[in-house]
Amino acid sequence: MTPDLLLRLKFRAEMWFWAKTLPLRCRKSRDFADILHIADAGASRRYAGLAAAYVARRAKKAGRRPWVMRDRRCLREGILAYRFLTLAGVPATIHFGVDRTSIGKAKLAAHCWVSADDMPVLNPPEPTMVTIFTEKNRVGTA
């Protein structure tokens, strides 16, 4: 097996595990700080070199058949993509927003998306989305 193939297999296995255990990790999350703590990958860059588009595509695939958290698809995929983009050494930002047309209605419409190089790579927002919180990963900082 080539080192590149081995790296991708390890990456896919770890992401699958994270996707399946994410509901357990998020069960007591109540605010952005809790979510960001879960998504934080620390200083490891063990998947350095993987492209942002590849990581985002794998996050969508890993999160597509949830055991629970069915109604929070964008959050599930966003946490996975942000965490694994960090592990791949890609500077990324996770965004949280609300749909301005839902403000004042019985149910507020919220959304989570991830960008790299200021371009959405996962779950781009609708034009009516208003960003309420963002967090950049620590890739490239000391």
Side-chain angles (χ1 to χ4, degrees), residues 3-142:
D4 185 51
L5 178 60
L6 203 54
L7 179 75
R8 286 177 184 262
L9 287 173
K10 184 179 173 188
F11 168 82
R12 289 172 67 169
E14 184 177 350
M15 184 178 276
W16 177 88
F17 178 78
W18 262 85
K20 298 310 176 197
T21 60
L22 193 57
L24 294 173
R25 298 169 196 268
C26 291
R27 71 183 180 278
K28 294 183 181 178
S29 300
R30 298 288 175 232
D31 58 27
F32 292 125
D34 292 340
I35 296 296
L36 294 174
H37 180 70
I38 293 164
D40 184 20
S44 174
R45 303 295 175 258
R46 62 182 163 270
Y47 301 119
L50 294 179
Y54 175 77
V55 174
R57 191 172 60 250
R58 296 308 311 174
K60 272 214 125 11
K61 191 166 185 155
R64 73 178 167 195
R65 290 190 191 105
W67 291 339
V68 292
M69 284 181 73
R70 291 184 187 283
D71 59 338
R72 298 190 287 170
R73 178 187 57 81
C74 63
L75 178 62
R76 204 175 53 248
E77 293 171 356
I79 291 170
L80 288 172
Y82 181 77
R83 178 178 181 77
F84 284 89
L85 283 167
T86 303
L87 290 171
V90 176
T93 305
I94 189 167
H95 307 263
F96 299 91
V98 295
D99 188 335
R100 73 173 65 104
T101 62
S102 72
I103 296 173
K105 294 185 178 176
K107 187 173 181 181
L108 190 65
H111 188 55
C112 174
W113 66 97
V114 178
S115 63
D117 295 324
D118 296 322
M119 296 297 298
V121 293
L122 181 82
N123 299 328
E126 295 294 325
T128 56
M129 283 287 153
V130 177
T131 302
I132 57 171
F133 185 82
T134 62
E135 179 76 14
K136 292 181 185 276
N137 64 14
R138 295 176 284 180
V139 172
T141 61

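Positions are given from 1, in the same order as the sequence printed here.
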Strictly distance-based, threshold 3.5 Å: is any side-chain N or O of [X] a donor or acceptor partner for the main-chain N or O of [Y]?
X: Asp117; Y: Met119; answer: no
X: His95; Y: Pro120; answer: no
X: Asn137; Y: Tyr82; answer: no
X: Arg27; Y: Leu24; answer: yes
X: Arg45; Y: Leu87; answer: no

Hey, could you give me the [atom1]/[atom2] distance between [X] and [Y], rounded to the nearest 0.5 Å?
X: Thr134; Y: Ile94; atom1: OG1; atom2: CD1; result: 10.0 Å
X: Ile38; Y: Trp18; atom1: CD1; atom2: CH2; result: 7.5 Å
X: Thr86; Y: Arg46; atom1: OG1; atom2: CZ; result: 11.0 Å

Checklist entry - Any idea how Phe11 and Phe84 line up, ring-wise: parallel (<30°), tilted (30 to 60°), or perpendicular (>60°)? => result perpendicular
Next on the checklist: Atom CG of residue position Asp118 - does it have more than 12 heavy atoms of other residues, nucleotides or ligands inside 6.0 Å?
Outcome noted: no
Next on the checklist: Heavy-atom count check: over 12 atoms from other residues, nucleotides or ligands less than 6.0 Å from Arg12 CZ?
Outcome noted: no
Non-hydrogen side-chain atoms of [X] and [Y] separated by less than 4.5 Å:
X: Leu80; Y: Arg58; answer: no
X: Asn123; Y: Cys112; answer: no
X: Lys61; Y: Glu77; answer: no

Smallest separation among heavy atoms of [X] and [Y], with atom names:
X: Leu85; Y: Ala52; result: CD2-CA, 3.6 Å
X: Pro125; Y: His111; result: CA-CD2, 3.9 Å
X: Val55; Y: Ala81; result: CG1-O, 4.1 Å
X: Cys26; Y: Ile35; result: SG-CD1, 4.5 Å
X: Leu122; Y: Ala56; result: CD1-O, 3.7 Å
X: Arg83; Y: Asp40; result: NH1-O, 2.5 Å

Item to check | Partner set under ring-ring contact (aromatic ring centres under 6.0 Å, His included) for Phe133, not counting sequence neighbours | outcome: Phe32
Checklist entry - Could you walk me through whether Val114 and Thr93 pass the side-chain contact (heavy atoms from CB on, under 4.5 Å) check? => result CA-CA 6 Å; Val114 178; Thr93 305; over 6 Å; no
Next on the checklist: Whether the Glu14 and Tyr47 side chains hold a donor-acceptor pair (N or O, under 3.5 Å, no angle test) is what I'd like checked.
Outcome noted: yes
